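Whatever order the structure lists them in is the order used to number ligands and atoms, beginning at 1. As the structure is a prediction and not an experimental result, all values here were calculated from the model.
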Amino acid sequence: MIYTVTLNPSLDFITRLETLTLGETNRADSETIFPGGKGINVSRLLGQLAIDNTAWGFLGGFTGQHLQNTLRDTHLTQDFTQIAGNTRINLKIKATNETEINATGPAITAQELAIFFQKFDCLTHDDVVVLSGSVPKRLDSHVYQQMLHKIQLCGARFVIDTTGQQLKTALADRPLLVKPNRRELAQLYDTDLATQADLLRWGRQLIVDGAQHAIVSLAGEGALLFTQQTQYFAKPIKGQVQNSAGAGDSMIAGFIGTWLQSEDVLESFKIAVASGTATAFSNDIATKQKIEEIYQQVIITTI
Ligand SMILES: Nc1ncnc2c1ncn2[C@@H]1O[C@H](COP(=O)(O)OP(=O)(O)O)[C@@H](O)[C@H]1O
Ligand SMILES: O=P(O)(O)OC[C@H]1O[C@](O)(COP(=O)(O)O)[C@@H](O)[C@@H]1O
C-alpha cells in the first residue's frame, strides 16, 4: 500500500483578479476552493491513475470536515487523525503575479500526535510512505525524523518531499525518491545553480548523499531525473498554465505510482512529467484524461 502523510493539510482558496493593489480594497473576479496539502495532492493524483492509497495526516474543524467531504475517491482511503483545531486555509491570489499566503496551521496536542504515530505500527516492508509538505509551526520539527525512524523499524520504504535540514537528514536513510525544485536544490546545498553544469553537479549530489532516485523539477523549463546509473532530461512542454500548485506533488505521484508497478524508471519519469505538466495546465489536480493527452508530448533525452 502507498500511504501519504500530510501533517498540515489545507483548503486552498484561490482568488483571481486583474491587478492586486496592496493597502486597498480589491474586488475579486472569481474564487474557488480546492483540497490542498502536498500529501493529499499526491493521493488525489494517484487516485486519477487508479492506484489505491491511504491518506494520513491531521484534520479538524469545519475546514477539515469540508476537506474530507471533497476527497471522495474509490482509490483513496481516508485515515486522518482528528484534531480539535481547524485545518488551515491557504490563500492563493492570482493577479498579474501569483501571491500565496500559506497559513501556519492548527496546534496538534501530544495526545493527537500519539494517536497519529500509532498508525505507523501497522506498516510492513511492502509499504511505501510518501512524506510531504511543511510541519505545522507548533509541532516539533523533529517529527519527520520520528516518522522515518518508525518507517525503518518496519522495513517500509519512503519518499520525502520537504526542504532544508529535514531533507538533508533524510537523504542518508535512502529515500526511494526526492523531488526538489530548482530553488529547493539551491537552498539545500547553499549554491546558486547559475549554470546547467551546476544543476547536473548538485542534482547528482542527491544520489551521492543517498537518494535512490532524484527528480529536479524546473517548472516551465522541464525536469531532470538522476538514478544510480544515469540521468535524463525531460523537455518542457508548452501550454496554458492554469494553476501550478500541486504540479510537483503530481510528479511525485506519477513517478512512484508507476515505478512501484513496473520498476521501469524511464516510463515512471514520463508519467511523472505528464502528471506534473497536466496539473500545471489544469485548475485543479489533473485528470487521467489530461495526463494521457500530455503524455503524448513528453520527450526524454539521456544527458
Ligand atoms: N509553467 C509550466 N509549464 C510547463 N510545465 C510546467 C510548468 N510548471 C510546472 N510544470 C511541470 O510540472 C513539474 C513540477 O513543477 P515545479 O513548479 O517545478 O514543481 P513544484 O510545484 O514542486 O515547485 C515541472 O517539472 C514541469 O514538468
Ligand atoms: O505544506 P506547505 O509547504 O505549506 O504547502 C502547502 C501548499 O502546497 C500545495 O500542496 C501545493 O504544493 P506545490 O505547489 O509545491 O506542488 C498546496 O496545495 C498547499 O496550499
Distance-minimising heavy-atom pair for His75 and Gly47: CD2-O, 3.6 Å
Distance filter under 4.0 Å to Ser10 heavy atoms, resulting ligand 2 atoms: 19 (C), 20 (O)
Protein contact of atom 5 (O) of ligand 2 - nearest heavy atom, named by residue and atom, plus distance: Lys38 NZ, 2.9 Å
For Asp190, all residues meeting salt bridge (Lys or Arg N to Asp or Glu O under 4.0 Å), sequence neighbours excluded: none
Which atom of Asp173 lies closest to which atom of Phe158, heavy atoms considered: O-CE2, 3.2 Å
Considering all heavy atoms, the nearest Glu184-Lys179 contact: OE1-O, 4.0 Å
Close-contact set for ligand 2 against Ala247 heavy atoms, below 4.0 Å: 16 (O)
Closest approach of any protein heavy atom to atom 2 (P) of ligand 2, naming residue and atom: Ser134 OG, 3.4 Å
Under-4.0 Å heavy-atom contact with ligand 2, by part of Ser132 that carries it: neither
Proximal atoms of ligand 2 relative to Ala245 (non-hydrogen, under 4.0 Å): 14 (O)
Identity and distance of the protein heavy atom lying nearest atom 9 (C) of ligand 2: Asn41 ND2, 3.8 Å
Donor-acceptor side-chain pairing of Ser10 and Asp12 below 3.5 angstrom: yes
Mode of Asn90 contact toward ligand 2 - side chain, backbone, both, neither (heavy atoms, under 4.0 Å): side chain
Nearest neighbour in protein (non-hydrogen) for atom 6 (C) of ligand 2: Arg88 NH2, 3.4 Å
Closest contact, heavy atoms only, Ala211 versus Gln228: O-NE2, 3.4 Å
Using a cut-off of under 3.5 Å, which N/O atoms of ligand 1 pair up with protein N/O atoms, and what distance separates each pair?
{"unit_1": "ligand 1", "atom_1": "18 (O)", "unit_2": "Ser217", "atom_2": "OG", "d": "2.8"}
{"unit_1": "ligand 1", "atom_1": "18 (O)", "unit_2": "Ala219", "atom_2": "N", "d": "2.9"}
{"unit_1": "ligand 1", "atom_1": "19 (O)", "unit_2": "Ser217", "atom_2": "OG", "d": "3.3"}
{"unit_1": "ligand 1", "atom_1": "21 (O)", "unit_2": "Gly248", "atom_2": "N", "d": "3.1"}
{"unit_1": "ligand 1", "atom_1": "22 (O)", "unit_2": "Lys179", "atom_2": "NZ", "d": "3.1"}
{"unit_1": "ligand 1", "atom_1": "23 (O)", "unit_2": "Asn181", "atom_2": "ND2", "d": "2.9"}
{"unit_1": "ligand 1", "atom_1": "25 (O)", "unit_2": "Gly222", "atom_2": "O", "d": "3.0"}
{"unit_1": "ligand 1", "atom_1": "27 (O)", "unit_2": "Thr277", "atom_2": "OG1", "d": "3.4"}

Option from Asn41, Val130, Leu45, Leu46 for which side-chain contact (heavy atoms from CB on, under 4.5 Å) with Ile252 holds: Val130
Structural part of Glu100 in contact with ligand 2, heavy atom criterion under 4.0 angstrom: neither
Non-hydrogen side-chain atoms of Arg88 and Asn8 separated by less than 4.5 Å: yes
Parallel, tilted or perpendicular: ring planes of Tyr232 versus Phe269, cut at 30 and 60 degrees: tilted
Gly248 neighbourhood, listing ligand 2 atoms whose heavy-atom distance to it stays under 4.0 Å: 16 (O)
Test of proximity, Gly133 against ligand 2: N or O pairs below 3.5 Å: no
For atom 11 (C) of ligand 2, closest protein heavy-atom neighbour: Gly246 N, 3.5 Å
Nearest-neighbour protein heavy atom for atom 18 (O) of ligand 2, which is reported as residue plus atom name and distance: Asp12 OD2, 2.5 Å
